[in-house]
Amino acid sequence: MTLKTSSTMASRWLVTPVVHWLALLGLCAAYLQGGIQKLMDFHGAVAESAHFGMTPAVPVTVAVIALELGASLAILCHRGRWLGAVLLAVFTLAATFVANRFWDAPAAERFGMTNAFFEHLGLVGGFVLVAWHDLRDRAASPSSARS
């Protein structure tokens with residue numbers, strides 16, 4: 001089997017709308033789970049916001065829940081996908097610098113925080129790619145682009 005044949009076979013099952021949507025779901029999974037968890041334990045979510053110095057904690061928590069759920073749904077429903085992706089990229093980048101300050105962490109916590117920091121940068125990159133692809137597709141086909 002040649003490389004070209006392998007590539008064609010892979011594209012038949014990998015490059016499909018279902019796989020694309022499942023990849024987007026995987027990218028948004030932590031934000032969907034986080035938003036739902038915060039709704040289910042709102043007092044705990046407010047305490048977490050306060051722990052990270054976010055004040056006033058209640059409105060910040062409400063905004064975070066709305067952002068996590070709303071932007072994820074925008075991406076999954078392809079309604080303002082690029083905007084949802086940009087918002088989650090910016091949110092994730094900001095939250096990463098607030099919650100994963102590995103350079104200030106005690107030595108015992110530094111390894112895990114360093115990994116979490118760079119994993120979150122990977123999520124930021126994924127969201128930027130989603131926005132980039134969505135905007136590129138809109139420019140290529142403005143009549144079929146969704147809002």
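One-based numbering along the sequence shown.
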**Q** Once rounded to the nearest 0.5 Å, what's the spacing between atom CZ of Arg81 and atom CZ of Arg79?
**A**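 Nearest 0.5 Å value for the CZ-CZ distance: 10.0 Å.
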**Q** Can you tell me how the ring of Phe102 sits relative to the ring of Phe118, calling it parallel under 30°, perpendicular over 60° and tilted otherwise?
**A**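 If you compare the ring of Phe102 with that of Phe118, the planes turn out tilted.
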**Q** Say whether Val130 and Leu69 are linked into one hydrophobic cluster, either directly or through other cluster members, by side-chain heavy-atom distances under 4.5 angstrom.
**A**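 Yes, it is one cluster - the side chains of Val130 and Leu69 are joined through contacts under 4.5 Å.
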**Q** For a quick test of reading the model, state the closest non-hydrogen atom pair linking Ala74 to Gly80 and the distance between them.
**A**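 Shortest heavy-atom contact: CB-O, 4.0 Å.
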**Q** Give the minimum heavy-atom separation between Val60 and Met54, together with the two atoms involved.
**A**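 Smallest interatomic distance, heavy atoms only, reads CG1-CB, 3.6 Å.
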**Q** I'd like to know if Leu24 and Trp132 are part of one continuous hydrophobic network [Ile/Leu/Val/Met/Phe/Trp/Tyr, side-chain heavy atoms within less than 4.5 Å].
**A**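 No: no chain of side-chain contacts under 4.5 Å links Trp132 to Leu24.
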**Q** Check the hydrophobic clustering (I, L, V, M, F, W, Y; side-chain heavy atoms under 4.5 Å; chains of links allowed) and say if Leu83 and Val124 are grouped together.
**A**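 Per the 4.5 Å side-chain linkage, Leu83 and Val124 are not co-clustered.
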**Q** Mind checking what makes ring-ring contact (aromatic ring centres under 6.0 Å, His included) contact with Phe91, not counting sequence neighbours?
**A**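 Scan of Phe91 (ring-ring contact (aromatic ring centres under 6.0 Å, His included), adjacent residues dropped) gives none.
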**Q** Give, for atom CD1 of Ile75 and atom CG of Leu87, the distance between the pair rounded to the nearest 0.5 Å.
**A**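 One gets 8.5 Å once the value is rounded to the nearest 0.5 Å.
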**Q** Sort and list the pairs that fulfil side chain to side chain donor-acceptor pair (under 3.5 Å) and have at least one residue in residues 102-113, not counting sequence neighbours.
**A**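 Non-adjacent pairs meeting side chain to side chain donor-acceptor pair (under 3.5 Å): Arg101-Asp104.
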**Q** Any side-chain heavy atom of Leu93 within less than 4.5 Å of one from Leu121?
**A**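 Yes - at least one pair of side-chain heavy atoms lies under 4.5 Å apart.
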**Q** Looking only at heavy atoms, which two atoms of Asn100 and Ala116 are closest? And how far apart?
**A**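 Closest approach of Asn100 to Ala116: OD1-CB, 3.6 Å.
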**Q** What residue pairs, at least two apart or across chains, pass salt bridge (Lys or Arg N to Asp or Glu O under 4.0 Å) with a residue in residues 111-128?
**A**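 Salt bridge (Lys or Arg N to Asp or Glu O under 4.0 Å) check on residues 111-128 returns no pairs.
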**Q** Looking only at heavy atoms, which two atoms of Ala99 and Met113 are closest? And how far apart?
**A**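 So the minimum-distance heavy-atom pair works out to O-CE, 3.5 Å.
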**Q** Any ring-ring contact (aromatic ring centres under 6.0 Å, His included) involving residues 25-57? Give me the pairs, sequence neighbours left out, ordered by first then second residue.
**A**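 Every ring-ring contact (aromatic ring centres under 6.0 Å, His included) pair that includes a residue of residues 25-57, provided the two are not neighbours, is Tyr31-Phe127.
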**Q** Does Val46 share a hydrophobic cluster with Leu67, counting links as ILVMFWY side-chain heavy atoms below 4.5 Å and allowing steps through other members?
**A**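 They do share one cluster, since a chain of ILVMFWY contacts under 4.5 Å joins Val46 to Leu67.
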**Q** Kindly indicate whether the side chain of Ile36, heavy atoms from C-beta on, has any atom under 4.5 Å from the side chain of Met40.
**A**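 Of all side-chain heavy-atom pairs linking Met40 with Ile36, at least one is under 4.5 Å.
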**Q** Could you tell me whether the side chain of Leu123 reaches within less than 4.5 Å of the side chain of Thr96, counting heavy atoms only?
**A**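 Thr96 vs Leu123: side chains apart.
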**Q** Could you measure the distance from the CG atom of Leu129 to the CG atom of Asp134? Nearest 0.5 Å is fine.
**A**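 Between Leu129 CG and Asp134 CG, I get 12.5 Å after rounding to 0.5 Å.
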**Q** Are any non-hydrogen side-chain atoms of Leu88 and Leu27 less than 4.5 angstrom apart?
**A**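 No, their side chains stay 4.5 Å or more apart.
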**Q** Between Ala71 and Gly84, which heavy-atom pair has the shortest distance, and what is it?
**A**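 Closest heavy-atom pair between Ala71 and Gly84: CB-O, 3.6 Å.
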**Q** Quick one: salt bridge (Lys or Arg N to Asp or Glu O under 4.0 Å) pairs with a partner in residues 64-77, sequence neighbours left out?
**A**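 Listed by first then second residue: Lys38-Glu68.
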**Q** Which residue pairs satisfy the side chain to side chain donor-acceptor pair (under 3.5 Å) criterion with at least one member in residues 19-29, sequence neighbours excluded?
**A**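 The answer is none; no pair qualifies.
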